[in-house]
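Here's the structure we're looking at; comments come further down.
Numbers here are sequence positions counted from 1.
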Amino acid sequence: MIRSQVRRFTRTEYERMAEHGILSADERVELVNGEIVVMSPQAARHAIVMHLIAEALKRAFGRGHFVRIQVPLALGPYSEPEPDVAVVAGSPDDYLNDHPKTAVLVVEVSDTTLAKDRGAKLGDYAAAGIEDYWVVNLKAVPPVIEVYRKPKRRE
């Protein structure tokens, strides 16, 4: 049996593809562990929950932290995910030339992507040393926040 070989992309290659228009501006994608992953469209509930969480975290963390919504984190050579919400140290001015390489807290709001958020994304965030990762599970009744403290990469 012949095994398929998967070609992983680096962040540099991924960013060049975006700059040269190889990745469509109409299709939302992110780089997770070297794979270009299409992001799911957002339902209204997902969008509102994401914004409510971001507002609460802005109040909770205050000065000295910057709450980012759906923008990249530069997590090593093979990952540039765009978490729903990330809290990073510093201010917006600190990130004018490069995306943050870590976060104090990452939150994914999950309705259609629960398996990916508990699997590949959890692994990426754990490998990057992110010590607090939350998955807001909108599929659960009632919805719950799954808290992963000092997460470990799952095999």
**Report entry** Verdict with reasoning, R68 to V85, per side-chain contact (heavy atoms from CB on, under 4.5 Å)
**Finding:** CA-CA 6 Å; R68 298 164 47 98; V85 181; over 6 Å; no
**Report entry** Hphob cluster co-occupancy, F66 + V104, side-chain heavy atoms under 4.5 angstrom
**Finding:** no
Query raised in the report: Is R16 atom CZ crowded by more than 12 heavy atoms from other residues, nucleotides or ligands, each under 6.0 Å away?
Result: no
Query raised in the report: Looking at side-chain heavy atoms only, is the closest gap between Q42 and Q70 below 4.5 Å?
Result: yes
Requested in this report: Quick one: list whatever passes salt bridge (charged side-chain N to carboxylate O under 4.0 Å, His left out) with R7, sequence neighbours left out.
Outcome: E13
Query raised in the report: Can you check whether V109's main-chain N or O pairs, donor with acceptor, with H46's side chain at less than 3.5 Å?
Result: yes
Query raised in the report: Taking atom CD1 of I53 and atom NZ of K58, what is their separation to the nearest 0.5 Å?
Result: 13.0 Å
Requested in this report: Could you pull out the closest heavy-atom pair between N137 and E146, with the gap in Å?
Outcome: ND2-OE2, 3.0 Å
Report task. Report yes or no: do V106 and L122 belong to one cluster of Ile/Leu/Val/Met/Phe/Trp/Tyr joined by side chain heavy-atom distances under 4.5 Å? Result -> yes
Query - Flag side-chain contact, heavy atom, 4.5 Å: I69 against M50 - result: yes
Requested in this report: With side-chain contact (heavy atoms from CB on, under 4.5 Å) as the test, would you mind laying out the steps for R118 and E108 before giving the verdict?
Outcome: CA-CA 10 Å; R118 287 176 172 163; E108 293 288 358; over 6 Å; no
Requested in this report: Evaluate whether atom CD of E15 has more than 12 neighbouring non-hydrogen atoms of other residues, nucleotides or ligands under 6.0 angstrom away.
Outcome: yes
**Report entry** S110/D117 under side-chain hydrogen bond (donor to acceptor under 3.5 Å, both in side chains): CA gap, chis, key distance, verdict
**Finding:** CA-CA 7 Å; S110 191; D117 294 335; 3.0 Å; yes
Report summary line: What one should report as the nearest heavy-atom pair of R45 and P143 is NH2-CG, 3.1 Å
**Report entry** Closest heavy-atom pair and its distance - V71, P83
**Finding:** O-CD, 3.6 Å
Report task. Output yes when K139 and D111 qualify as a salt bridge under the 4.0 Å nitrogen-oxygen rule, no when they do not. Result -> no
Query raised in the report: Which atom names give the shortest non-hydrogen contact between A103 and A86, and what distance separates them?
Result: CB-CB, 4.4 Å
Query raised in the report: Given a cutoff of under 4.5 Å between side-chain heavy atoms of I, L, V, M, F, W and Y, with clusters grown through shared members, what are the other residues clustered with L52?
Result: I48
**Report entry** Expected output: side-chain R11 to main-chain G76 donor-acceptor under 3.5 Å
**Finding:** yes
Report summary line: Result for side-chain contact (heavy atoms from CB on, under 4.5 Å) between P100 and one of L73, V87, L75 points to L73
Query raised in the report: Does V88 reach the side chain of H65, with side-chain heavy atoms less than 4.5 Å apart?
Result: no
Requested in this report: Output, in order, the C-alpha distance, side-chain angles, deciding distance and verdict of side-chain hydrogen bond (donor to acceptor under 3.5 Å, both in side chains) for D124 and S79.
Outcome: CA-CA 7 Å; D124 255 13; S79 288; 2.5 Å; yes
Report task. Following the transitive rule for hydrophobic clusters with a side-chain heavy-atom cut-off under 4.5 Å over Ile, Leu, Val, Met, Phe, Trp and Tyr, establish whether V67 and Y133 coincide in one cluster. Result -> no
Requested in this report: Taking the side chain as every heavy atom from C-beta outward, state whether E30 and E80 have any pair of such atoms under 4.5 Å apart.
Outcome: no
**Report entry** Joint hydrophobic cluster, L57 plus I130, side-chain heavy atoms closer than 4.5 Å
**Finding:** no
Query - Hphob cluster co-occupancy, W134 + F61, side-chain heavy atoms under 4.5 angstrom - result: yes
Requested in this report: For residues V32 and A120, report the shortest heavy-atom separation together with the two atoms involved.
Outcome: CG1-CB, 4.0 Å
**Report entry** Transitive ILVMFWY cluster of M17, excluding itself - 4.5 Å side-chain cut-off
**Finding:** F9, Y14, I22, L23, V29, L31, I36, V38
Requested in this report: State, with a plain yes or no, whether a side-chain heavy atom of Y148 is found less than 4.5 Å away from one of V135.
Outcome: yes
Query - Side chain to side chain, K121 and Y125, heavy atoms closer than 4.5 Å - result: yes
